[in-house]
Q: 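Here it is: the structure, laid out below.
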Amino acid sequence: MSDSQVITFGCRLNTYESQVIKDLLIQKDVTGTIVVNTCAVTSEAERQARQSIRKLRRDNPTARIIVTGCSAQINPGQYAAMPEVSQILGNTEKMKLESYATGTERVVVTDIMEIKETAGHLVAGFEGKARAFVQVQNGCDHRCTFCTIPYGRGNSRSVAIGEIVNQIRVLAESGYQEIVFTGVDITAYGADLPGSPTLGQMIRRVFALVPELKRLRLSSLDPVEMDEDLWTLIAQEPRLMPHLHLSLQAGDNLILKRMKRRHLREDVIQFCNRAKALRPDVAFGADLIAGFPTETDAMFLNTLNIIEECDLTYLHVFPYSPRPGTPASRMPQVKRAMIKERAAVLREAGDKALHRFLNAWVGKQTNVLVESDTHGKTDHFAPVQFEQKTTAKPGSVIPVVLKETTPQHLIGIVP
Ligand code: SF4
């Protein structure tokens, strides 16, 4: 095997970091190496990583297999016990050039809670991606009772505005029209920086300093950590995409309390009403957990009902997965079958909501970011399939007439 490769699991932040790792491997001329960048959000994500590692070893008997990412950071021992694995790197080490030198220790994982700064890297582009990801924040200061992310990512730390501006300029020069700001808890942006700039103030500054930035999309938002500048941008800045993804998790107040979330269902409804008042065409996405410990039928109904009450369109439904060492894993658990059943009910409601949303666009013309010669996404992140293959190159933005819809996507004509 001549070329090295990076296998990515999990979130957009991992996607960004995997690109940095690819660049480091090229810079260090590392060959015959496979890096597996893992995720620890669910036990299923970890099972898939282990399965993938075993297959990679069978297919590449002589390769150097390096495992990193949140699952390796939180529990390096599980990978050290796998004979298929050559080396385990922590989330800090994976971003360092010297970590890929040969002859280093098999397990190099330092205490992520010690990390105070984000590692500045300039990425010129993302292989095979129509949009680019920019890390603006990492880590999390919250301790939701179901979540292991802080133990994989450490405490919250922000990227300086100057570095973000430089990164976007490089990507805009490479032709990227859409940038996605990513992190773990981006609404916590700036609390650790001099003058404590908020996320909204940072974005306003970025738009002022980088006129070549055409489209900005935000990853998950904490509904009670919004700042006034961000609300103003939602109302007035056309370059900020009208698509807000909420880290919601549940729609029942007692469950939200037991999750140690900072919002109540009333806060989320108020958030969505305010966003709709400021930007009537805004589309909402949300993460929802099905079957959190102690969840009764009545509590689940509150979560199901919030989909329509907030006009949520894009649902990421997670069947509750007990994570070792978390407080929720020690609470009375909901039966597995019930968790699966509730997840299916939420997904079905999500499919209906998506179809309702897509239907409202039939007959209209809108901008679409081209992702391939057959597919793209609108400003509102609606998936569009082109009726005829397009010659427009991935990453370009084209006008499309939305002709009809299927339950999963719109069918569009490129005029
Ligand atoms: S806010 Fe909560 S769910 Fe999100 S990363 Fe932090 S601890 Fe996890």
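Whatever order the structure lists them in is the order used to number ligands and atoms, beginning at 1. What's counted below: heavy atoms across the whole structure, side chains too, no hydrogens, waters or symmetry copies.
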Q: Listing by chain and number, which protein N, O or S atoms are under 2.8 Å from atom 8 (Fe) of ligand 1?
A: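 Listed by chain and number, the nearby protein N, O or S atoms are Cys147 SG.
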Q: Hey, can you tell me if His316 and His245 have their rings parallel, tilted or perpendicular (30° and 60° cut-offs)?
A: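 Geometry flag for His245 against His316: tilted rings.
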Q: Tell me: protein heavy atom nearest atom 4 (Fe) of ligand 1, and distance?
A: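 Checking every protein heavy atom, the shortest distance to atom 4 (Fe) of ligand 1 gives Arg261 NH1, 4.2 Å.
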Q: My understanding is that only residues two or more places apart in sequence, or in another chain, count here; which of them pass side-chain contact (heavy atoms from CB on, under 4.5 Å) with Asp297?
A: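 Per chain and number, Asp297 pairs via side-chain contact (heavy atoms from CB on, under 4.5 Å) with Met338, Arg342.
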Q: Counting each atom of ligand 1 from 1 as listed, which ones have a heavy atom of Arg262 under 4.0 Å away?
A: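 Counting atoms of ligand 1 from 1, those under 4.0 Å from Arg262 are 1 (S).
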Q: Is the distance between the ring centroids of Tyr320 and Phe146 less than 6.0 Å?
A: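 That pair fails the under 6.0 Å test.
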Q: Which residues pass the ring-ring contact (aromatic ring centres under 6.0 Å, His included) test with Tyr151, not counting sequence neighbours?
A: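 Tyr151: no ring-ring contact (aromatic ring centres under 6.0 Å, His included) contacts found.
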Q: Which label fits Trp231 and Phe271: parallel for a plane angle under 30°, tilted from 30 to 60°, or perpendicular past 60°?
A: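 It falls in the tilted class, 30° to 60°.
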Q: Mind checking whether Trp361 and His380 have parallel, tilted or perpendicular rings, split at 30° and 60°?
A: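 Geometry flag for His380 against Trp361: tilted rings.
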Q: Could I get the full list of ring-ring contact (aromatic ring centres under 6.0 Å, His included) partners for Phe381, not counting sequence neighbours?
A: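 With neighbours one apart ignored, the set is His243.
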